[in-house]
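Owing to the predicted nature of the structure, the values given are computational and were not obtained by experimental measurement. Quick note: residue numbers are just sequence positions, from 1. Counting starts at 1 for both ligands and their atoms, in listed order.
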Amino acid sequence: MRCSTLICILVIGQGWATPIANTTTEGEVVVQGRVLYTGSQLWKTRNVSKEQIKVLAELRDENEISMWGGNSTALDILVKPDAVNHVKEKLNESGITFEVVIEDLQKAIDEENPTEIELDDRRGHRLTWQAYHRFSDILGYLDYLAETYPDLCTVQTIGQSVQGNPIKLLKISNGNPGNKAIWMDGGIHAREWISPATVTFIINQFVSNFESESSAVQNIDWYITPVLNPDGYEYSHTRDRLWRKNRKGGGQCAGVDLNRNFGYRWGGRGSSKNPCTETFGGSGPFSEPETSAVRNFIQGNGANWKAYISFHSYGQYILYPWGYDRVVPPDYKDLENVARKVASAIRTTGGSHYTFGPAANTLYPASGGSDDWAKGSAKFKYSYTIELRDNGRYGFVLPAAYIQPTATEALAAVRVIAEAAAAA
Ligand code: 0X9
Ligand code: ZN
């Protein structure tokens, strides 16, 4: 940190050295070990039929596009620079309507995160909610909390990632023995930077204004892991902004999708056996240290678990089980009612529209998710995946200026879930 008397400049990014260009087998340009997305475009397609989806799937298999988010009503695709003309032809030929949302993804990436921010006389930690921070800043913040609020906050390491990074868990508790418990995690998917930023924002609000929170919030034991996939998170900062999985293995086909690795109906629809794909579920349920750390902690801890919340991005959804297929649990009405209240609290707080519903029906079937395991195996009454902003204007590359508005809405969401948990 560079400091004058009152103002500190926090340097967040890393410097650039002389560029040496390389190309991956995927056709991406790598400069100084960093994947560049110069000329890649984000397109939004509309109302894609089952037949038209096949065209997109072919283009994906030929490595001309990759799927980002949304569902068939509005599906976002990333078009590789060399494929722009061919994909345009293909889409026109098959009657798929689309609009270009980001002309040059690398430019959007370069503008997403300020590298220097000014801070007023800050002591004790480097975390802000004006920029996306590196894993070390987030860890430093958790340690700062444990030191500064020893009666309220404790930090423990519940496991180690594939590359040996600590999976840290913050417990916020007033120590009341009758408390119910809520689990929150962020950063299961590396590139969804808004997720850890939102989780730490919620932590900050709870801890620094604990007395002004509702009695429901105060009388819950909060167990919070802001970055469940630290290796992937760091990799998305230093090497490839669009990295999703953990960093198991190496080379072109590294990584397991941690949200396909949880052990409830593992290996079913929407998860892949091919390590080279984005949705590889791993060699077996809980094969990964990051997911097994969650299972071991939750199963061994004996807390009175009531709600499980996983933060992801993007698309603005409140999803509840099941995700593995288009079916719902017997008490889905309870989950639906809370989800409706969550959506309305978000709307009132920040104006954003969040769609709610069972995950497989609302988004797509995908097995091995944390939400399904929490509901199906660990028997949490309420289990949600919250897909944060936005709706595909920036997608994963959401500018840092949106952290505070997004997280303020999410805080309202969590308060609603706390009320439901307290009453459960
Ligand atoms: O596909 C996912 O893992 C989640 N979407 S994301 O764009 N963040 O990757 C949705 C998961 C919903 N839950 C289940 N399918 N279980
Ligand atoms: Zn995700």
Side-chain angles (χ1 to χ4, degrees), residues 42 66-71 74-78 184-199 225-229 232-233 236 241-246 255-272 277-282 285 288 290-291 294 308-329 332 335 339 354-378 380 382-392 394-398 406 410:
L42 184 66
S66 62
M67 308 287 188
W68 258 30
N71 50 24
L75 185 67
D76 303 328
I77 59 172
L78 186 71
M184 279 204 278
D185 61 56
I188 283 185
H189 287 140
R191 63 189 172 192
E192 297 165 11
W193 287 1
I194 188 64
S195 159
T198 293
V199 172
T225 304
V227 190
L228 197 46
N229 175 11
Y233 185 72
S236 71
R241 177 64 192 88
L242 295 184
W243 192 258
R244 166 179 169 96
K245 301 184 280 181
N246 76 351
V256 171
D257 182 347
L258 297 179
N259 218 30
R260 302 290 180 276
N261 191 245
F262 283 77
Y264 187 76
R265 300 233 174 198
W266 177 87
R269 295 182 72 177
S271 101
S272 164
T277 60
E278 293 279 47
T279 52
F280 176 49
E288 303 311 297
E290 296 87 354
T291 52
V294 176
Y308 187 111
I309 314 169
S310 266
F311 283 100
H312 287 252
S313 73
Y314 62 96
Q316 301 178 190
Y317 294 101
I318 299 138
L319 305 171
Y320 56 83
W322 302 108
Y324 74 85
D325 209 345
R326 300 182 204 275
V327 286
V328 289
Y332 83 96
L335 282 91
Y354 276 59
T355 306
F356 55 91
N361 272 320
T362 310
L363 208 52
Y364 42 69
S367 322
S370 64
D371 47 7
D372 278 7
W373 173 80
K375 179 77 181 159
S377 306
F380 285 69
Y382 294 105
S383 177
Y384 294 101
T385 291
I386 300 185
E387 299 277 357
L388 296 162
R389 292 196 200 182
D390 60 10
N391 252 325
Y394 295 101
F396 302 116
V397 190
L398 186 71
T406 304

Looking only at N, O or S atoms, find the one in H312 nearest to the Zn ion (ligand 2) and name it.
ND1

Do the side chain of R260 and the main chain of F280 share a donor and acceptor less than 3.5 angstrom apart?
no

closest protein heavy atom to atom 6 (S) of ligand 1 is E387 OE2, 3.5 Å

Do D371 and S310 pair up side chain to side chain, a donor and an acceptor below 3.5 Å, judged on atom types alone?
no

Check if G270 has a non-hydrogen atom at a distance under 4.0 Å from any atom of ligand 1.
no

What's the shortest distance from atom 11 (C) of ligand 1 to any protein heavy atom, and which residue and atom give it?
N259 ND2, 3.5 Å

Could you list which atoms of ligand 1 come closer than 4.0 Å to a heavy atom of E192?
6 (S), 8 (N), 9 (O)

Those atoms of ligand 1 less than 4.0 Å from some heavy atom in S313:
7 (O), 8 (N)

Non-hydrogen atoms of Y317 versus ligand 1: any pair closer than 4.0 Å?
no

Report the atom name of the nearest N/O/S atom of H189 relative to the Zn ion (ligand 2).
ND1

As a test of understanding, state which of D257, N229, T279, N259 forms a side-chain hydrogen bond (donor to acceptor under 3.5 Å, both in side chains) with R244.
D257

Heavy atom of the protein closest to atom 13 (N) of ligand 1 (residue, atom name, distance):
D371 OD2, 2.7 Å

Among protein heavy atoms, which sits nearest to atom 15 (N) of ligand 1, and what does the distance come to when rounded to 0.1 Å?
A366 O, 3.0 Å

Tell me whether the Zn ion (ligand 2) has E387 as a neighbour, meaning an N, O or S atom of it below 2.8 Å.
no

Give a yes or no on whether the backbone of I194 and the side-chain of R389 come within a donor-acceptor separation of less than 3.5 Å.
no

Closest non-hydrogen atoms of D372 and G323, given as atom of the first, atom of the second and distance, are OD1-N, 2.9 Å

According to the interplanar angle, ranging from 0 to 90°, do the rings of W322 and Y324 count as parallel (below 30°), tilted (30 to 60°) or perpendicular (above 60°)?
tilted

Candidate with minimal heavy-atom separation from atom 2 (C) of ligand 1, of R191, R260, H312, M67
R260

Report the relative orientation of the aromatic rings in F380 and Y308; use parallel for angles under 30°, tilted for 30 to 60°, perpendicular for over 60°.
perpendicular

Walk me through whether L363 and Y317 qualify under side-chain contact (heavy atoms from CB on, under 4.5 Å).
CA-CA 9 Å; L363 208 52; Y317 294 101; 3.4 Å; yes

Within the 4.0 Å heavy-atom shell around R244, which atoms of ligand 1 are there?
1 (O), 2 (C), 3 (O), 6 (S), 9 (O)

Between F311 and S195, what is the shortest heavy-atom contact and its length?
O-OG, 2.7 Å

